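Computed from a predicted model, the values in this text were never measured in an experiment. Numbered from 1 within each chain, the chains take letters A, B, ... in sequence-line order. No hydrogens, no waters, no symmetry mates; every other heavy atom, side chains included, goes into these values.
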Amino acid sequence: EAQVTQNPRYLITVTGKKLTVTCSQNMNHEYMSWYRQDPGLGLRQIYYSMNVEVTDKGDVPEGYKVSRKEKRNFPLILESPSPNQTSLYFCASSLRGQGLPKRDSPLHFGNGTRLTVT
Amino acid sequence: QKEVEQNSGPLSVPEGAIASLNCTYSDQGSQSFFWYRQYSGKSPELIMFIYSNGDKEDGRFTAQLNKASQYVSLLIRDSQPSDSATYLCAVKRAGGTSYGKLTFGQGTILTVHP
């Protein structure tokens, strides 16, 4: 089954304790991205990757790191989590990162990771 | 001004009515426009995308785009209780032939009551 898999689904941690949220897709997609979703703010992009070893900042990258060493995996790393990073996180992927509007390919989302930092 | 704005709602319509969801964007060079549906506790899923001025229809859904007014809308005909969800507008910004520049609105909560 084609899917984007995030782990864990739920995570409670304490301030300053490094954590990694994994994201894997089995669709051979070039593009992957991380979003956080907060009430009233919608989905905000954290980082994205156009392909292996190519990553760039989104709108809210502070406090996060990513890597794209393999095409299928795009982990999100919080080196020193803080309470303001408590949020619902989504990983998403798309066949292509670039293309003319006619060639847009849809974003496939993972099931989300609900992170609480105390 | 937010780059992509939606009325957060909630928008409540009776079953069988037309639900109209609106979205405005600030970047005049925006190229592609997407509507996602998100059920409570679930991840967003794509309903439609549109890139040319005018209407695009898919079943009960119609997306409308007016680039001059920087306005995109989603009409849901014959609304059903199963359409109750949050609807997210997303815009691919100028210079953004890539999803690297995809911005979401805050979403509109739609409730369809029997």
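- Taking hydrophobic clusters as Ile, Leu, Val, Met, Phe, Trp and Tyr residues chained together by side-chain heavy-atom distances below 4.5 Å, B:Ile109 does not share a cluster with B:Phe104.
- Partners of B:Asp58 by salt bridge (Lys or Arg N to Asp or Glu O under 4.0 Å), not counting sequence neighbours: none found.
- Contact check for B:Tyr36 versus A:Leu43: no side-chain heavy atoms found under the 4.5 Å cut-off.
- The two residues B:Leu88 and A:Gln37 come nearest to each other via the heavy atoms CD1-NE2, 4.5 Å.
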Identify every side-chain donor-acceptor pair in residues 108-118 of chain A under 3.5 Å, counting partners at least two apart or on other chains, and give the distances.
| unit_1 | atom_1 | unit_2 | atom_2 | d |
| --- | --- | --- | --- | --- |
| A:Thr113 | OG1 | A:Gln6 | NE2 | 3.1 |
| A:Thr113 | OG1 | A:Pro8 | O | 2.6 |
| A:Thr118 | OG1 | A:Thr13 | O | 3.2 |

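- Of the inter-residue distances, the one linking A:Leu107 atom CG with B:Phe49 atom CZ reads 12.0 Å to the nearest 0.5 angstrom.
- The CZ atom of A:Phe90 sits 5.0 Å away from the CD atom of B:Gln38 when rounded to the nearest 0.5 Å.
- Linking ILVMFWY residues whenever their side-chain heavy atoms come closer than 4.5 Å, directly or via other members, places B:Val72 and B:Leu11 in the same cluster.
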